[in-house]
Structures are given as C-alpha cells and as structure tokens.
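Worth knowing before you read on, the calculation uses all heavy atoms, side chains too, and leaves out hydrogens, waters and symmetry mates. So that the names make sense, note that chain A is the first sequence line, chain B the second, and so on, each numbered from 1.
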2 protein chains.
Amino acid sequence: MPTKTYHIGVEATMEIIGGKWKSIILCHLRHHTMRTGELARAIPQISQKMLTQQLRELEAANIVARRVYKQVPPKVEYSLTDYGQSLSGILHELCVWGEDNIDRREAAGESITLLNRDDV
Amino acid sequence: MPTKTYHIGVEATMEIIGGKWKSIILCHLRHHTMRTGELARAIPQISQKMLTQQLRELEAANIVARRVYKQVPPKVEYSLTDYGQSLSGILHELCVWGEDNIDRREAAGESITLLNRDDV
DNA sequence: TTCAATTATTACCTTTTGGTGGGTAGGGCA
DNA sequence: TGCCCTACCCACCAAAAGGTAATAATTGAA
C-alpha cells in the first residue's frame with residue numbers, strides 16, 4: 001500500500017474534524033450521547049444524507065461510537081469514544097474562540113448572530 | 001445587509017481556519033514571520049495560487065498581517081496579527097493531537113509518515 | 001388496511017475548492 | 001539587449017464537497 005505522508009500534525013487533525021459538519025457534530029456529542037433525530041434537530045441546517053455520511057466517517061476514525069438498538073422504529077445512539085473524548089478540550093476552545101470572533105465582528109458593526117453558546 | 005447567522009461558535013472558527021491550507025499556513029506563521037517563498041518552501045504541496053489566495057483570506061479576517069517592502073525584486077512578509085496570536089494555543093493543540101493520531105494509526109499497522117513535528 | 005415513526009440509502013445535480021500553465025511587473029546585471 | 005528575481009494575477013479545467021428528493025424497512029397503533 002502507498003504510504004500516506006503528512007508534513008505537519010495539524011493536517012491529520014483537520015482531515016478528521018475538518019469540513020462543514022464534523023466539528024459541529026462533535027461539539028454536540030461532547031455533551032451527551034444523542035440519537036440520530038436528536039442530532040438532526042440540534043443541527044437544523046444539515047441534511048439527513050450529510051448527517052449519516054459524516055457520522056460514518058467519524059465512526060471509521062474511531063472518534064464516534066454508534067449503538068443500534070433492535071427496535072421498531074429504529075433507535076440509534078451516537079457518542080464520543082474514549083479516544084474521541086481526547087478532542088473535547090480542543091472542541092470547546094474552538095467554540096469559545098468562535099464566540100469571541102462573532103462578538104468582535106458584531107462590535108465592529110457586522111450584522112451577525114450566534115444562536116447558541118457552548119454551555120459547559 | 002442580510003444578517004449572517006451561526007448556530008454554534010465552532011462554525012465561525014472553522015470558517016476562518018478550515019479548508020485544506022489555512023491551518024497549515026497558520027501553524028508555520030505561529031513560529032516566525034515568513035516571506036512568501038519561505039512559506040511556499042515550508043509547504044511544498046501548495047500551489048502559488050492557493051498560497052496567496054489563502055493568505056488574502058486570512059488577512060481579510062485580521063488573522064495575518066502582510067508587510068510589503070518597496071524593493072525590486074519584491075519582498076513580502078507575513079505574520080500573525082495580535083488577534084491571530086490568540087489562535088496560537090489552539091493551533092499547537094491541533095498539531096499535537098494530529099501527531100498522536102498519526103502515531104496511533106502507525107501503531108495500528110497503517111502505513112503512514114509524519115515529516116515534521118511541531119517543535120515548540 | 002393504512003399510516004406513523006425512525007434511520008438510512010441512492011441517484012442526480014450544483015457549488016466550492018483546488019490544480020495547471022501561462023503571463024506581468026520593474027530594477028539589477030551581464 | 002536580454003534575462004534574472006520575486007510576488008502574484010488570470011483563465012481555464014478537474015475534483016471534491018455538499019444539497020435535494022425520492023425510497024426502503026419494519027411493526028405497532030388507529
């Protein structure tokens with residue numbers, strides 16, 4: 001197999017939490033285990049396709065655990081793995097920095113809103 | 001103007017440091033002010049177009065400062081702004097987490113290489 | 001019988017992102 | 001004269017990411 005080469009650590013991190021949705025999903029899972037529909041309601045802009053696709057990728061990277069209950073209608077829960085928890089601090093900082101960034105831009109006259117702050 | 005709406009802080013952060021190149025560029029600028037060509041050599045995979053494009057966007061977000069010397073041939077230096085420095089801790093953690101991620105994957109048998117570790 | 005509930009898949013399309021190869025500027029220098 | 005150096009801009013193309021909409025599966029409840 002061809003060796004995968006990284007030049008700097010952050011490349012690997014961004015491959016895992018980068019993209020439009022992964023960091024948002026992880027920030028929610030940081031607080032509680034959540035069902036699929038619960039995540040979808042927490043992230044109203046995401047489509048069902050993107051939600052499951054991103055969750056699959058996070059699962060493959062061993063960041064997120066998927067637990068299926070044998071029920072009808074189906075029940076599936078997602079949570080951070082132990083390894084995924086190691087991202088928790090970074091995710092929190094990313095949230096806080098973004099909140100501050102939005103505050104600054106608003107103070108600078110930009111028309112901008114933040115609906116939810118990281119409540120932990 | 002239409003109000004820009006974010007649902008969670010991390011969205012705003014990722015808009016600024018997300019994408020394939022921005023976090024890599026910032027990790028380098030974290031250590032020293034660098035000239036354009038110096039950055040290009042430090043990130044050999046990047047094209048000239050992407051390098052300047054990403055730097056322009058980081059400049060617009062007030063994360064990176066661009067200093068032009070009136071010389072021929074041209075000399076341009078990039079550095080983190082004071083505000084950009086506020087990302088330094090996060091960038092470092094992103095590097096370190098990625099290094100650990102690569103170590104784990106290698107230990108798990110994946111064929112994978114990391115050329116440079118964050119030396120600070 | 002028909003529907004509601006929940007998760008997930010698929011095909012198809014649009015948008016965004018990134019890559020390539022060319023060109024410009026303008027003073028120094030052979 | 002002609003070429004070098006550095007930064008960087010543009011036109012064009014390819015690839016990746018993301019969006020939309022329709023559909024499956026299953027079983028208890030109306």
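Partners of Glu57(A) under the side-chain contact (heavy atoms from CB on, under 4.5 Å) rule, at least two apart in sequence or in another chain, are Lys22(A), Gln53(A), Gln54(A). When the ring-ring contact (aromatic ring centres under 6.0 Å, His included) test is applied to Trp97(A), the partners found at least two apart in sequence or on another chain are Tyr83(B). By the side chain to side chain donor-acceptor pair (under 3.5 Å) test, Lys75(A) is found to be paired with no residue, residues two or more places apart in sequence or in another chain being considered. Listed by chain and number, the residues in a side chain to side chain donor-acceptor pair (under 3.5 Å) with Asn116(A) amount to none (sequence neighbours excluded). Annotation: side-chain contact (heavy atoms from CB on, under 4.5 Å) contacts of Thr33(B) (sequence neighbours excluded): Glu77(B), Ser79(B). Under the side-chain contact (heavy atoms from CB on, under 4.5 Å) criterion, Glu93(A) pairs with Ile90(B), Glu93(B), sequence neighbours left out.
Side-chain atoms of Ile8(B) and Leu115(A), non-hydrogen and from C-beta on, never get closer than 4.5 Å to each other.
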For this session: Summarise how protein sits on nucleotides 21-30 of chain D as a single string, 5' to 3': B when a protein heavy atom is under 4.0 Å from the base, S for sugar-phosphate-only contact, - for no contact.
Result: -----BB---
For residues 61-68 of chain B, which side-chain N or O atoms pair as donor and acceptor with protein atoms under 3.5 Å away, sequence neighbours left out?
unit_1	atom_1	unit_2	atom_2	d
Arg66(B)	NE	Tyr78(B)	OH	3.2
Arg67(B)	NH1	Tyr69(B)	OH	3.3

Could you go through residues 35-44 of chain A and list every donor-acceptor pair under 3.5 Å that involves a side-chain atom there, pairing it with any protein atom two or more places apart or in another chain?
unit_1	atom_1	unit_2	atom_2	d
Arg35(A)	NH2	Pro74(A)	O	3.3
Glu38(A)	OE1	Arg35(A)	N	2.9
Arg41(A)	NH1	Gly37(A)	O	3.4

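At whole-Å resolution of the value, CD1 in Ile46(A) and C1' in dA17(D) are 13 Å apart. If you measure from atom CE of Met14(A) to atom C1' of dA17(D), you get 16 Å, rounded to the nearest angstrom. Glu77(B) has its CD atom 13 Å from the C1' atom of dA7(D), to the nearest Å.
Using a 4.0 Å heavy-atom distance criterion, Ser47(A) is classed as a base contact.
Applying a 4.0 Å cut-off to non-hydrogen atoms, the residues of residues 50-70 of chain B that approach DNA chain D are Thr52(B), Arg56(B), Arg66(B), listed by residue number. Scanning residues 17-26 of chain A for heavy-atom distances under 4.0 Å to DNA chain D yields Gly19(A), Lys20(A), Trp21(A).
Dashed line: the shortest gap from a side-chain N or O of Arg35(A) to OP1 or OP2 of dT7(C) is under 4.0 Å. Between Tyr78(B) and dC8(D) there is a side-chain polar atom (N or O) within less than 4.0 angstrom of OP1 or OP2.
Not one N or O on the side chain of Thr113(A) forms a donor-acceptor pair closer than 3.5 Å with the backbone of Thr5(B).
Listed by first and then second residue, the ring-ring contact (aromatic ring centres under 6.0 Å, His included) pairs that reach into residues 4-27 of chain B come to none, sequence neighbours excluded.
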